[in-house]
A.B. asks: 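Quick one: the structure is below, questions incoming.
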Number of protein chains: 2
Amino acid sequence: MNNDESLQLENQLCFRLYSLTKLMNRHYSPVLKKLGLTYSQYIVMLVLWENNNTNSAISVKHLGVKLDLDSGTLSPLLKRLEKQGLISRLRNSEDERSVEIKLTRSGCQLKAQAQDIPAQMFSVTGMSIDDLQGLNNQLDNLLVTMNTK
Amino acid sequence: MNNDESLQLENQLCFRLYSLTKLMNRHYSPVLKKLGLTYSQYIVMLVLWENNNTNSAISVKHLGVKLDLDSGTLSPLLKRLEKQGLISRLRNSEDERSVEIKLTRSGCQLKAQAQDIPAQMFSVTGMSIDDLQGLNNQLDNLLVTMNTK
DNA sequence: GTAATTTAAGTTGTACACAATTTAATTTCA
DNA sequence: TGAAATTAAATTGTGTACAACTTAAATTAC
């Protein structure tokens with residue numbers, strides 16, 4: 001492959017990831033709109049729903065590590081979720097630097113309405129379980145490699 | 001595999017695409033910063049560099065189709081590239097609705113500085129050419145499927 | 001031939017992402 | 001102990017994305 005060819009858009013993995021992520025978002029948007037959520041808000045809620053089994057709060061820091069997002073993104077996002085009445089934000093009395101996030105009753109109840117979103121999205125991919133798993137593994141390898149460089 | 005497990009897998013796919021795209025961007029940013037470009041500006045420049053062989057202008061509309069971006073994104077982005085002296089924006093005299101984008105001399109010269117970026121990014125993936133091609137094909141299939149639903 | 005429709009850019013408003021900075025609390029350690 | 005360093009959130013500023021809308025030009029349909 002010569003230099004000019006490698007500069008071409010079609011050759012680039014990154015452009016496909018970028019396009020696919022935008023496309024994925026466009027499929028999620030109308031579905032999530034019914035719950036009043038954006039995709040980023042949705043993945044925050046997923047973490048909180050998963051965690052609510054143990055009934056413990058999650059710090060903004062911990063959410064950031066889980067989702068690979070910093071406080072510059074999370075702080076305003078969480079304020080919006082609080083405004084919608086889905087979460088509560090409370091300073092940790094043991095460590096006043098930390099803010100603990102908990103689901104409200106309303107936020108907890110929203111989980112039921114989100115239950116069939118993954119199935120809906122899976123059908124959009126048109127993939128088999130095996131192909132999906134294979135792709136997941138490849139992306140996982142790429143994530144690990146690129147995170148450690 | 002039961003239904004619940006497959007639903008979880010689908011969540012992982014979307015989240016991995018989302019995380020990987022952010023990660024890609026973080027690897028591109030410091031490299032592109034030397035050229036004074038963001039990733040979005042870079043892919044616009046890629047299209048213009050590719051097209052400049054024929055020395056013809058490209059409309060905003062055409063750029064939008066190529067990159068899957070609307071005028072709401074492109075208009076302000078192109079204004080910034082114009083401000084940097086990399087491109088010119090000119091109303092098409094044959095069709096006054098259309099705005100034609102052309103590289104300036106400076107924009108054309110920038111191509112040389114971008115020549116080894118793809119190779120650099122490829123090395124970050126740690127992938128073989130074959131694996132890369134395989135992944136590209138899978139992503140292409142997904143793009144086609146999700147675009148036609 | 002002109003009214004209705006379509007098309008291309010641009011504008012406005014919302015919500016990320018993230019770099020850089022600020023503020024306040026906690027920890028380290030000299 | 002107390003100054004220096006670290007940590008957690010929040011804030012500020014820039015630049016996407018995109019929905020919804022506006023404006024102006026071109027096309028069509030009658």
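We name chains A, B, ... by the order of the sequence lines, and we start the count at 1 in each one. Everything quoted here is computed from the prediction, not taken from an experiment.
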A.B. asks: Could you tell me the separation between the NZ atom of A:K83 and the C1' atom of C:dT14, rounded to a whole number of Å?
C.D. replies: 12 Å
A.B. asks: Just checking B:S59: base, sugar-phosphate only, or nothing, at a heavy-atom cut-off of under 4.0 Å?
C.D. replies: sugar-phosphate
A.B. asks: Quick check on DNA chain D: between B:S40 and B:R97, whose nearest nucleotide comes earlier from the 5' end?
C.D. replies: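 Nearer the 5' end of the strand: B:S40.
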A.B. asks: Are OP1 or OP2 of D:dT16 and a side-chain N or O of B:T38 less than 4.0 angstrom apart?
C.D. replies: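 Answer is yes, contact under 4.0 Å.
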A.B. asks: Taking only distance into account, with no hydrogens and no angle test, what donor-acceptor pairs under 3.5 Å do side-chain atoms of residues 74-87 of chain B form with protein atoms, sequence neighbours excluded?
C.D. replies:
| unit_1 | atom_1 | unit_2 | atom_2 | d |
| --- | --- | --- | --- | --- |
| B:S75 | OG | B:S71 | O | 3.1 |
| B:E82 | OE1 | B:R89 | NH1 | 2.9 |
| B:Q84 | NE2 | B:G36 | O | 3.0 |

A.B. asks: Heavy atoms from C-beta onward define the side chain here; which of D:dA20, D:dA8, C:dG10 lies closest to that of B:V60?
C.D. replies: C:dG10
A.B. asks: For B:C108 and B:W49, work out which heavy atoms get closest and say how close.
C.D. replies: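 Closest approach of B:C108 to B:W49: O-NE1, 4.2 Å.
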A.B. asks: When you measure from the side chain of B:D95, which nucleotide among D:dA25, C:dA19, D:dA9 comes out closest?
C.D. replies: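 Of the options given, the side chain of B:D95 lies nearest D:dA25.
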A.B. asks: Measure from CE on A:M24 to P on C:dC16 and round the result to the nearest Å.
C.D. replies: 14 Å
A.B. asks: Can you measure from CD1 (B:I43) to NZ (B:K66) and round to the nearest 0.5 angstrom?
C.D. replies: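 B:I43 atom CD1 to B:K66 atom NZ measures 11.5 Å (nearest 0.5 Å).
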A.B. asks: Verify the contact: side-chain N or O of B:Q41 to OP1 or OP2 of D:dT16, cut-off strictly under 4.0 Å; return yes or no.
C.D. replies: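 B:Q41 to D:dT16 OP1/OP2: side-chain N or O found under 4.0 Å.
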A.B. asks: A:E100 has an atom CD; how far is it from atom P of C:dA25, in whole Å?
C.D. replies: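 Between P of C:dA25 and CD of A:E100: 16 Å.
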A.B. asks: How is B:E94 classified with respect to the nucleic acid when contacts are heavy atoms under 4.0 Å: base, sugar-phosphate, or nothing?
C.D. replies: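 It contacts sugar-phosphate atoms only.
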A.B. asks: Report yes or no: does A:N92 contribute a side-chain atom to a donor-acceptor pair with the main-chain N or O of A:R97 at less than 3.5 Å?
C.D. replies: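 No; judged by distance alone, with no hydrogens or angles, the pair does not exist.
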A.B. asks: Measure CG/A:N92 against P/D:dT7 and give the value in whole Å, please.
C.D. replies: 17 Å
A.B. asks: Can you list, by residue number, the residues of residues 71-81 of chain A that have a non-hydrogen atom closer than 4.0 angstrom to DNA chain C?
C.D. replies: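 Contacting residues: A:G72, A:T73, A:L77, A:R80.
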A.B. asks: In whole angstroms, how far is the C1' atom of D:dC18 from the OH atom of A:Y28?
C.D. replies: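 After rounding, the reported distance stands at 19 Å.
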A.B. asks: Classify the ring geometry of B:Y39 against A:Y18: parallel below 30°, tilted from 30° to 60°, perpendicular beyond 60°.
C.D. replies: perpendicular
A.B. asks: Which residue, A:L69 or B:H62, contacts DNA chain C at a nucleotide closer to its 5' end, judged by nearest heavy atom?
C.D. replies: B:H62
A.B. asks: I'd like to know if the side chain of B:E100 pairs up with that of B:S98 as donor and acceptor (distance under 3.5 Å, no hydrogens or angles considered).
C.D. replies: yes
A.B. asks: To the nearest 0.5 Å, tell me how far B:F122 CZ sits from B:L132 CG.
C.D. replies: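 Result: 5.5 Å between the selected atoms.
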A.B. asks: Does C:dA9 have OP1 or OP2 sitting under 4.0 Å from an N or O in the side chain of B:S98?
C.D. replies: yes
A.B. asks: C:dT14 P sits how many Å from A:L37 CG, rounded?
C.D. replies: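 Between P of C:dT14 and CG of A:L37: 18 Å.
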A.B. asks: Let me know the distance between CG of A:L67 and P of D:dA9, rounded to the nearest Å.
C.D. replies: 13 Å
A.B. asks: Measure from CZ on A:R89 to C1' on D:dA9 and round the result to the nearest Å.
C.D. replies: 9 Å
A.B. asks: To the nearest 0.5 Å, tell me how far A:K22 NZ sits from B:T73 OG1.
C.D. replies: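 Atom-to-atom, A:K22:NZ and B:T73:OG1 are 7.5 Å apart.
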A.B. asks: As a test of reading the structure: which of D:dG15, C:dT26, D:dA17 is closest to the side chain of A:K22, going by heavy atoms?
C.D. replies: D:dA17
A.B. asks: Hey, is the side chain of B:Y18 poking within less than 4.0 Å of OP1 or OP2 on C:dC16, counting only N and O atoms?
C.D. replies: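 No.
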A.B. asks: Quick one: is B:R26 getting a side-chain N or O under 4.0 Å of the C:dA19 phosphate, OP1 or OP2?
C.D. replies: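 For C:dA19, neither OP1 nor OP2 has a side-chain N or O of B:R26 closer than 4.0 Å.
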